[in-house]
Amino acid sequence: MSIKSHPRTFPPRFAWGVATAAPQIEGAAFADGKGESIWDRYCRVPGKVHNGDTLDVACDHYRRYRSDVALMARLGVKHYRLSLAWPRLLPQGRGPVNQKGVDFYHRLLDTLHAHGITPWVTLFHWDLPQALEDEGGWRRRTTADAFAGYADLAVRSFRSQVKNWITLNETNCFTRLAYGGGDKAPGANDGEAVVNQAYHHAMLAHGHGVRAVREHGGRGARVGITDNPIVSVPVTETAADIAAARDLFRFESDRVLGAICNGRYSERYLRAAGADAPRFDPRDFQLIGQPTDFLGLNIYTGQFVRAGRRGRPEILPFPAGYPRADSPWLYLLPQAMYWGARFAAELRGVRSLYITENGAGYDDAPPAGGEVLDLHRREYVRQCLGELHRAIGDGAPVDGYFLWSLMDNFEWQDGYARRFGIVYNDFATQKRTPKLSARWYAEVMKTNRLL
Ligand code: NOJ
């Protein structure tokens, strides 16, 4: 009897990669002229970040980037999503440029190219210059104006080294969770009207990012946003539950994806927001609604939905004991990958999607005998990739996938205890040790197959 294998092959030229973000790995938070970010400030507020951890040193990537890039190359990484630190380039958010910051990213990008790794650069991954927060941060339209100048500077400075640009990372996390009582810096609780206004200013910033890439990016430059819409997963794949999940996905992604892809806010969003709706000039949408080249989705989890009364979407709360990663929000729900890709493509008319993040946060124990057997992470990522493969088979235009994260790093309010890396980092010695998941993922990237 022969055992038949069913290789799940991904499309040709599928972009496999890993992702990180500047504040989470660089360290050197106050070195070489870098300005203070809102996270540098927030992590010093007692009780906000687990264990009082700070971003001061992080993975010391600012100094160790050469060996980190060499490690990536050894793993066979061909695409790397990273972010630029706004306060490293413009310490006050606007005004004088910090040349040492510009030089650092030139060196880093050169090193990536020397190893045959394509950079995908996020302009904003939450590290707002504190100087801008002091003026009101994303509550104020002037922050979007400052972002316009920052985007111009970044794209002009790195246009010969970067062709793939991502404007913003996860709008929800630096608006709602930052100004609406969540656990992200600056940790304000200003109510729904401020949150909606912050979203609008973020959308303007996105528009300026697109404009900057079109104006200064040069030949072959491409741009998109990375968003993390809540993914509604039909609890059974029946027509009624699928319709309910689709409807809720559309509603919950109206504020960001709707604004960008349709070039306006939906009536439904504005009606639901009522008196808390954002104030805007209709002309803002000339900027916000400019065509983009791809959409980045960060998908880790989702919510189960079914058709309730009259087919209305009904969210099913997770019962106690439903499996989760060690990150308490990370309910293990791999089908979110399938439905997230399908709904985003169908509802928003997106022709090119990238999964710009997916992974799992566990409190891995240090390597024993040189190994970290992170079978739980491997298993979850494998299931997610299986669902992604299914989505592609059903027509979702997915062109790439980035695993979060290359190495354990600063997991925001969870500090350094919560690990997402496929490479273990010992924060006392900065020794990097690839985990089992890294060895496995290296094979997936090499063979373009789910193994
Ligand atoms: C999304 C964020 O973009 C990233 O910064 C974070 O570390 C991961 N999710 C895991 O929570």
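Both counts, for ligands and for their atoms, begin at 1 and track the order of listing. Every value quoted in this text rests on a predicted model; they were computed, and no experiment measured them. Position 1 is the first residue of the sequence, and the numbers go up from there.
For atom 10 (C) of ligand 1, the closest heavy atom belonging to the protein is E411 OE2, 3.3 Å.
Near N169, with a cut-off below 4.0 Å to any heavy atom, the atoms of ligand 1 are 2 (C), 3 (O). Ligand 1 places these atoms under 4.0 Å from at least one heavy atom of H125: 2 (C), 3 (O), 4 (C), 5 (O). Which parts of ligand 1 touch W329 is read off a 4.0 Å heavy-atom cut-off, strictly below it: atoms 11 (O).
In this structure, the ring of Y265 has its center less than 6.0 angstrom from the ring center of F280. The aromatic ring centroids of Y401 and Y354 lie 6.0 Å or more from each other.
No part of N228 comes within 4.0 Å of ligand 1, judged by heavy-atom distances. Looking at F174 against ligand 1, nothing comes within 4.0 Å, counting heavy atoms.
Figure legend: R88 and Y62 shown as a cation-pi pair, the cationic atom lying under 6.0 angstrom from the six-membered ring centre and within 45 degrees of its axis.
In this structure, F410 does not count as a contact residue of ligand 1, since none of its heavy atoms falls inside 4.0 Å of the ligand.
A ring-ring contact (aromatic ring centres under 6.0 Å, His included) with W412 is found for one member of F174, W126, F420 and no other, namely W126.
Between W404 and ligand 1, a contact under 3.5 Å exists for at least one N or O pair. By the 3.5 Å distance cut-off applied to N or O atoms, W412 is counted among the residues near ligand 1.
Considering only non-hydrogen atoms, atom 3 (O) of ligand 1 lies nearest to E357 out of E357, Q24, Q413.
Look at R94 and E135 and you find a salt bridge, because one of the NZ, NE, NH1 or NH2 atoms lies within 4.0 Å of a carboxylate O, short of that distance. Under a 4.0 Å N-O distance rule, the pair R439/D374 does not qualify as a salt bridge. Remark: K435 engages D408 in a salt bridge, criterion side-chain N to carboxylate O under 4.0 Å.
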